[in-house]
Protein chains: 2
Amino acid sequence: MKTAKKRSSDKKITLVDVADASGVSAITVSRVINQPEKVSESLRIQVQKAIDSLGYIPNQHASSLASSKSRVIGVAIPSLSNIVFTEVLRGIYEVMGAAGYKVLLVDTHYSPLEEEKMVRTLLSQSPEGLIITGGDQTKACQNFLHKARIPIVQIMELLADPIDMNVGFAHGRAGFDVVKHLLGQGYERIGFIGARMDPRVQQRMQGYKLALEQVGKFEKNYIVTTPEPSSIGVGGELFKSLMASTNGVVDAVFCVNDDLALGALFEAQRMNIRVPQDMAICGFNDIEAAEYVNPSLTSVSVGRYEMGVKASEMIIRVLNEKPIESKKVDMGYEIKKRASTSRL
Amino acid sequence: MKTAKKRSSDKKITLVDVADASGVSAITVSRVINQPEKVSESLRIQVQKAIDSLGYIPNQHASSLASSKSRVIGVAIPSLSNIVFTEVLRGIYEVMGAAGYKVLLVDTHYSPLEEEKMVRTLLSQSPEGLIITGGDQTKACQNFLHKARIPIVQIMELLADPIDMNVGFAHGRAGFDVVKHLLGQGYERIGFIGARMDPRVQQRMQGYKLALEQVGKFEKNYIVTTPEPSSIGVGGELFKSLMASTNGVVDAVFCVNDDLALGALFEAQRMNIRVPQDMAICGFNDIEAAEYVNPSLTSVSVGRYEMGVKASEMIIRVLNEKPIESKKVDMGYEIKKRASTSRL
DNA sequence: TTGTAGGCGTTATCAT
DNA sequence: ATGATAACGCCTACAA
């Protein structure tokens, strides 16, 4: 007479419990869950009933350990508060979710050291693939990454020597093109406003500089930056200080993102500087507000969501051993020319 | 004579490999990693050296399985593209990261059924705690949640009957207060603009309705909503259609979030409707743009980041068996009265 | 179609 | 302070 029955609501239900309850072996239950087509319909229904009534939830750790398949994709981004990354994330979640992968997301706070730590964390979960931002990994981190032998996509920027795959666009060229556009509209003294100067923002600045140097119009003191994170408020502040330090001669500003640009625009309005007549303002990222604000804001549109989708699809293709067209993908960009920079 | 040595770069390095390499037993290596104080310094250094040189990364699945401690916190939010949730997330990541927890994040797309599926996914990872949005779980989902026997916090709104813990604020009262403020400023015909009417937005609308009914000024056709997600563009569209359907008699609009409000504001400007003289506009959430746009936008400020922090701290306290002040926490809100609604 | 045996990499338990 | 042994829950072989 067995007296010590487990109270149903107490212990965690396992595969074996389900097997016992439905009078089959554990492996059959496992099959019902993972390869239902390999189990006869009668048994399948019988087992499924037990699963439901017991409220069984598989233990993914045991499954991952036994099968060395985690169904986890690791993602490392530098910041959660930056809309740029959250939109990439949306793309990743959309594709990965549909493909049955969980996403383990970490925030590296723009620090390669933090990133190294976080990548270790990710790798300890045996992810089947990895999406990480940029190419500024520490040496140790690169080692781990290479050793991992899983598909890895570095996103956001184009890298000369990617660890594995790479999806991004040419930030330097985008900065260059923005300046060309401003020059084309007849603006002459073009300032630069930047915050939190990560590698991609630096590249935009280099492009800006190059374009101005080519026409002999580069002025070092037209550049105003801060290590602080970007925000509308900071954009306004930087705009004011640019105006102050240049005695207001600047007639255009390239802001490295739209938050800064909106800040500059709103501040210009308060200072009674007419945009675009007296001042052109160009942003970056083309967030929704750019199109609707008055005057509408010129900005550089980049497929953030699409970048997340693309990176995810590449990983999934590799995991399914399907060929990918190329290990490097340039997503391109487009300058949305709007009222804030059109003087012609 | 053993000839089949594993090539160092091929197989995954395990605890045993490290143990062999440093001439100790596996458990000692485990201790070096998890309870270094229990290992003599000499051994500790010796083992650590082996760990580093082999590039060993612990297998978290094996660890979780053996210890039934996953160091994972599950988080379910309805949308990744809504800034409201990403800021809550920031708070969660900040606290959980510092406490050594990984965050497994899922997106439920505002659907209880999807949420049920996602909660199963979360639970299969044996999370030590859970943070989920709102109280609209399916019956089955509630069952799982109760069975899980882990700390759970439902966030964003105040619930009458939370599953476990609850952090949020009173959306209905906030809507009510907004209307009171508008009435106090002398606005008489107050419209309502809403999109993606989730439970919290519904509550704001009920508050709006109640406040107007109390003064006999509720008009059903002053309400315009859409199931679409919120955006600036949609805000503009809804504003136009509100003006059209009411022949422009409305002299104030309460928008359920700031994106809609900005859209309404920009559209009003294009329609040459003066804000706040002819039209008051009030938003919700108090995103940064509200403060800087011209005219500045009245909005309801809520501590999103703080809500994420609070929920996380509560979970951690419970996990550490420390007492919490209360299972229910009202984060409150504040109406930021700005130019867009000040006629006095 | 179904089941048996063994192992995945780590940790808890109990010894020494 | 260190180690041996047996789980943890599931899956991959292989067998029937």
Side-chain angles (χ1 to χ4, degrees), chain A residues 6 10-48 50-51 54-72 120-121 123-128 148, chain B residues 6 10-48 50-51 54-72 120-121 123-128 148:
Chain A
K6 43 186 166 292
D10 252 40
K11 270 194 60 149
K12 249 179 230 163
I13 314 282
T14 74
L15 204 56
V16 175
D17 296 325
V18 178
D20 289 350
S22 45
V24 301
S25 72
I27 188 65
T28 300
V29 179
S30 169
R31 288 198 183 104
V32 169
I33 294 170
N34 300 308
Q35 331 177 45
E37 70 283 0
K38 292 202 170 179
V39 178
S40 66
E41 187 174 340
S42 58
L43 266 194
R44 203 189 316 154
I45 295 175
Q46 186 178 328
V47 170
Q48 187 61 54
I51 289 179
L54 291 175
Y56 168 66
I57 293 186
N59 180 325
Q60 188 58 48
H61 298 298
S63 169
S64 301
L65 183 58
S67 69
S68 41
K69 288 212 170 93
S70 64
R71 301 249 99 192
V72 164
R120 291 186 68 117
T121 300
L123 289 177
S124 75
Q125 303 287 331
S126 332
E128 297 185 35
Chain B
K6 43 188 167 291
D10 252 40
K11 270 194 61 151
K12 248 179 232 162
I13 313 282
T14 74
L15 205 55
V16 175
D17 296 325
V18 177
D20 289 350
S22 46
V24 301
S25 72
I27 189 67
T28 300
V29 179
S30 171
R31 287 198 184 104
V32 169
I33 295 170
N34 300 306
Q35 330 178 44
E37 71 282 0
K38 292 202 171 178
V39 178
S40 67
E41 187 173 340
S42 58
L43 266 194
R44 203 188 316 152
I45 293 174
Q46 186 177 327
V47 170
Q48 187 60 55
I51 290 179
L54 291 175
Y56 168 66
I57 293 186
N59 180 326
Q60 188 59 48
H61 297 299
S63 169
S64 300
L65 183 57
S67 69
S68 43
K69 288 213 170 94
S70 64
R71 301 250 98 189
V72 164
R120 291 185 69 118
T121 300
L123 289 178
S124 75
Q125 304 286 333
S126 331
E128 297 185 37

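The figures here come from the full heavy-atom set of this structure, side chains too, leaving out hydrogens, waters and symmetry mates.
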Is there a side-chain contact between [X] and [Y], using heavy atoms and a 4.5 Å cut-off?
{"X": "V47(A)", "Y": "V24(A)", "answer": "yes"}
{"X": "L43(B)", "Y": "V32(B)", "answer": "no"}
{"X": "Q48(A)", "Y": "I45(A)", "answer": "no"}
{"X": "L65(A)", "Y": "N59(B)", "answer": "yes"}

Once you round it to whole Å, what is the distance between [atom2] of [N] and [atom1] of [X]?
{"X": "I45(B)", "N": "dA1(D)", "atom1": "CD1", "atom2": "P", "result": "15 Å"}
{"X": "R31(A)", "N": "dC14(D)", "atom1": "CZ", "atom2": "C1'", "result": "11 Å"}
{"X": "K38(A)", "N": "dT1(C)", "atom1": "NZ", "atom2": "C1'", "result": "11 Å"}
{"X": "L43(B)", "N": "dA1(D)", "atom1": "CG", "atom2": "P", "result": "11 Å"}

Report, one pair per line, the protein and nucleotides 6-10 of chain C atoms (nitrogen or oxygen only) whose separation is under 3.5 Å.
{"from": "dC8(C)", "atom 1": "O2", "to": "A66(A)", "atom 2": "N", "distance (Å)": "3.4"}
{"from": "dG9(C)", "atom 1": "N2", "to": "A62(B)", "atom 2": "O", "distance (Å)": "3.4"}
{"from": "dT10(C)", "atom 1": "OP1", "to": "Y56(B)", "atom 2": "OH", "distance (Å)": "2.2"}
{"from": "dT10(C)", "atom 1": "OP1", "to": "N59(B)", "atom 2": "N", "distance (Å)": "3.2"}
{"from": "dT10(C)", "atom 1": "OP2", "to": "L15(B)", "atom 2": "N", "distance (Å)": "2.4"}

Problem - Minimum-distance nucleotide (side-chain atoms of I27(B) versus dT2(C), dG3(D), dT12(D)) - result: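 Looking only at side-chain atoms, I27(B) lies closest to dG3(D).
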Exercise for the section: With the side chain of V39(A) defined as its heavy atoms from C-beta on, choose the nearest nucleotide among dA12(C), dT2(C), dC14(C). Expected result: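 Shortest atom-to-atom distance from the side chain points to dT2(C).
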Problem - E41(B) atom CD, neighbour heavy-atom count above 12 within 6.0 Å - result: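 At most 12 heavy atoms, drawn from other residues, nucleotides or ligands, come within 6.0 Å of this atom.
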Problem - Gap between atom CD1 of I13(B) and atom OH of Y56(B) - 0.5 Å precision - result: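 Here the interatomic distance stands at 10.0 Å.
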Problem - Below 4.0 Å: OP1/OP2 of dG3(C) and any side-chain N or O of T28(A) - result: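 Answer is yes, contact under 4.0 Å.
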